[in-house]
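Input: a single structure, listed below in structure tokens.
Naming: A, B, ... by sequence-line order, numbering from 1 per chain.
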There are 2 protein chains.
Amino acid sequence: MSSGAAIGTKGVPRAEREEQIVAEAIAEFAESGYAGASMVEIARRAGISKPLIYQYFGSKDGLFLACLHQVSGGLLARLEDAELEVDDSVASRIYPLRAIFEALDPQPHAWRLLFDPSMPASGEIAVAAREYRTRTTELAASGSTRFLAARGITSPADASALSAVWMGVVDSIVEWWLAHPEESADQMTERCYRLLGAITG
Amino acid sequence: MSSGAAIGTKGVPRAEREEQIVAEAIAEFAESGYAGASMVEIARRAGISKPLIYQYFGSKDGLFLACLHQVSGGLLARLEDAELEVDDSVASRIYPLRAIFEALDPQPHAWRLLFDPSMPASGEIAVAAREYRTRTTELAASGSTRFLAARGITSPADASALSAVWMGVVDSIVEWWLAHPEESADQMTERCYRLLGAITG
DNA sequence: CCGGGAACTTACCCTGGGGTCACTTACCCT
DNA sequence: AGGGTAAGTGACCCCAGGGTAAGTTCCCGG
């Protein structure tokens with residue numbers, strides 16, 4: 001048989017294979033969460049067998065970590081840039097939103113990896129995730145504190161709550177995007193601009 | 001030994017035991033999600049052994065279903081009442097928030113059961129969860145449509161997105177509450193009132 | 001006093017999924 | 001041509017966790 005899965009090498013170099021495995025793994029992790037994702041299912045998606053993944057990534061944790069770094073790297077960098085453009089107005093919140101939509105454009109569902117609740121609570125993954133989450137949270141928090149201070153509210157608890165809410169807004173709008181894949185990143189940005197306007201009226 | 005787990009009945013009537021099991025199960029499901037929750041761990045929390053749970057609830061699905069009904073029943077009823085008081089203003093959104101805080105007061109983390117992503121996607125659980133989610137979503141959606149219409153926006157997609165965002169806001173503020181358990185339901189309501197005021201300026 | 005049922009447990013089965021071993025095939029370099 | 005190495009696989013081990021069978025203790029009604 002010339003077609004179908006055969007034994008022996010298929011001539012795909014390691015770097016290329018790794019890239020492909022990570023892409024499929026991101027999709028599977030996003031759909032099923034860390035706990036629910038199955039290594040053999042990821043292998044099936046990539047058209048290879050399980051041991052090859054273990055040879056390249058060592059463990060499920062190793063694979064997830066690779067996915068996490070790929071997803072978070074670009075996203076966080078863009079976000080930190082965008083946050084510099086935010087001022088005291090609600091409307092200026094559009095900048096970080098646009099940054100997120102553009103960074104996520106190739107694989108919007110990658111977003112879910114960052115806040116996967118079924119991720120292990122200790123170990124290398126937890127450390128890396130905590131690092132990324134801390135950076136994200138601090139961005140939201142500093143913005144919220146400034147926003148409230150400009151309106152005469154200085155309670156740290158209020159700032160903390162508003163920061164949490166803002167992150168919830170971002171999360172839910174990205175989830176909405178996942179449910180409406182026909183929408184482009186630009187369209188999402190416009191839509192959010194319109195909604196922000198309506199709310200601040 | 002007079003103390004410790006012994007064989008044979010302990011004289012606790014079925015109704016009482018079931019109530020206690022459901023309470024512990026809600027806590028475990030909320031902490032670990034459906035997929036991550038362990039039946040033997042729930043049994044350990046309740047101070048009994050696993051087969052008793054199976055005798056009373058039949059399966060993990062059956063137990064989760066019982067928890068879901070208990071959580072959603074009261075919550076949805078209150079929410080539907082509160083939605084009647086909402087008008088076109090942002091500020092009136094405080095009513096459903098208050099209803100949620102009050103309904104959740106005894107076990108705030110119960111909130112997580114409703115939107116647990118690791119819940120099975122088919123079967124009786126999926127049907128029940130979909131029913132509850134649909135009712136919740138429709139409440140949010142009708143409010144959003146009205147809100148936008150009052151501001152001259154009639155796009156159904158905008159209404160759908162705003163509805164998703166509003167649900168995200170609710171979810172994140174409840175999660176913030178879970179992280180700050182010293183807060184009472186009344187304090188949460190006041191805090192939200194203040195924040196809504198700041199945003200609408 | 002005694003039988004039956006409700007309340008409980010110990011010990012077990014079995015599947016699914018993470019992880020490993022030994023082996024095979026193709027390519028490249030001398 | 002031939003050997004070394006990278007790419008790739010089928011078959012296996014092992015354990016956690018859902019689910020079950022069979023037995024034990026207590027209480028209550030006749």
Side-chain angles (χ1 to χ4, degrees), chain A residues 1-22 24-25 28-29 31-67 118-121 123-125, chain B residues 1-22 24-25 28-29 31-67 118-121 123-125:
Chain A
M1 301 298 174
S2 60
S3 79
I7 211 172
T9 181
K10 294 170 191 162
V12 179
R14 174 163 185 162
E16 187 177 328
R17 202 50 116 187
E18 284 184 342
E19 206 172 324
Q20 177 202 4
I21 292 173
V22 165
E24 299 297 340
E28 168 75 3
F29 282 132
E31 271 178 35
S32 310
Y34 175 87
S38 149
M39 294 296 274
V40 53
E41 173 60 20
I42 295 173
R44 207 191 51 73
R45 281 182 188 242
I48 55 166
S49 68
K50 191 175 51 160
L52 191 59
I53 304 185
Y54 279 90
Q55 189 178 329
Y56 287 169
F57 295 94
S59 64
K60 189 179 187 178
D61 285 30
L63 177 57
F64 187 83
L65 214 49
C67 296
S118 74
M119 212 175 347
E124 211 180 334
I125 288 185
Chain B
M1 303 293 180
S2 62
S3 80
I7 210 172
T9 181
K10 294 171 191 160
V12 180
R14 173 162 184 162
E16 188 177 327
R17 199 53 113 188
E18 284 183 342
E19 206 172 324
Q20 176 203 4
I21 293 173
V22 165
E24 299 296 340
E28 170 76 2
F29 281 132
E31 271 178 35
S32 310
Y34 174 87
S38 149
M39 293 297 274
V40 53
E41 173 60 21
I42 294 173
R44 207 192 50 73
R45 281 182 189 243
I48 56 166
S49 68
K50 190 176 52 162
L52 191 59
I53 304 185
Y54 280 90
Q55 189 177 330
Y56 287 170
F57 296 93
S59 64
K60 190 180 189 179
D61 286 29
L63 177 57
F64 187 83
L65 213 49
C67 296
S118 74
M119 212 174 349
E124 212 180 333
I125 289 186

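Contacts between residues 32-39 of chain A and DNA chain C, counted as heavy-atom distances below 4.0 Å, involve A:A37, A:S38, A:M39.
Contact detail for A:A66 and A:V22: the closest heavy-atom pair is CB-CG2, 4.3 Å. The minimum heavy-atom distance linking B:A35 with B:S118 is given by the pair N-OG, 3.0 Å. Shortest non-hydrogen contact noted between A:L65 and A:I125 is CD1-CA, 3.8 Å. Contact record, B:S38 with B:V40: OG-CG1, 3.0 Å, taken as the closest heavy-atom pair.
The distance between atom CD1 of B:I21 and atom P of C:dC8, rounded to the nearest whole Å, is 9 Å. One can place CD1 of A:I7 at 4 Å from C1' of D:dT9, the figure rounded to the nearest angstrom. Between B:K50 atom NZ and D:dA21 atom P there is a gap of 13 Å when expressed in whole angstrom units. The interatomic distance linking A:Y54 (OH) with D:dA7 (C1') rounds to 19 Å, in whole Å. The nearest whole Å value for the distance from the CZ atom in B:F57 to the C1' atom in D:dG19 is 16 Å. In this structure, A:L63 atom CG and C:dG19 atom C1' are separated by 14 Å, rounded to whole Å.
Expressed to the nearest 0.5 Å, how far CD of A:Q55 lies from CD of A:E18 amounts to 10.0 Å.
A heavy-atom distance below 4.5 Å is found between the side chains of A:K10 and A:R17. Side-chain atoms of A:Y56 and A:L63, non-hydrogen and from C-beta on, never get closer than 4.5 Å to each other. Side-chain contact between B:V12 and B:I48: absent, with no pair of heavy atoms (C-beta onward) separated by less than 4.5 Å.
The side chain of A:K60 lies closest to C:dG19 when the candidates are D:dG19, C:dG19, D:dA11.
Other residues, nucleotides and ligands place no more than 12 heavy atoms under 6.0 Å from the CD atom of B:E19.
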DNA chain D base-pair string [pairs: Watson-Crick or G-U under 3.5 Å; |: paired with another strand]: ||||||||||||||||||||||||||||||
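In this structure, A:Q20 contributes its side chain and A:A46 its backbone to a donor-acceptor pair below 3.5 Å.
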Got a list of protein N/O to nucleotides 4-7 of chain C N/O distances below 3.5 Å?
unit_1	atom_1	unit_2	atom_2	d
C:dA7	OP1	B:R14	N	3.0
C:dA7	O4'	B:T9	OG1	3.3
C:dA7	O3'	B:T9	OG1	3.0

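Both tests hold for B:K60 against B:Y34: distance to the six-membered ring centre under 6.0 Å, angle to the ring axis within 45°.
Of the two residues near DNA chain D, B:D61 and A:I48, the one whose nearest nucleotide lies more 5' is A:I48.
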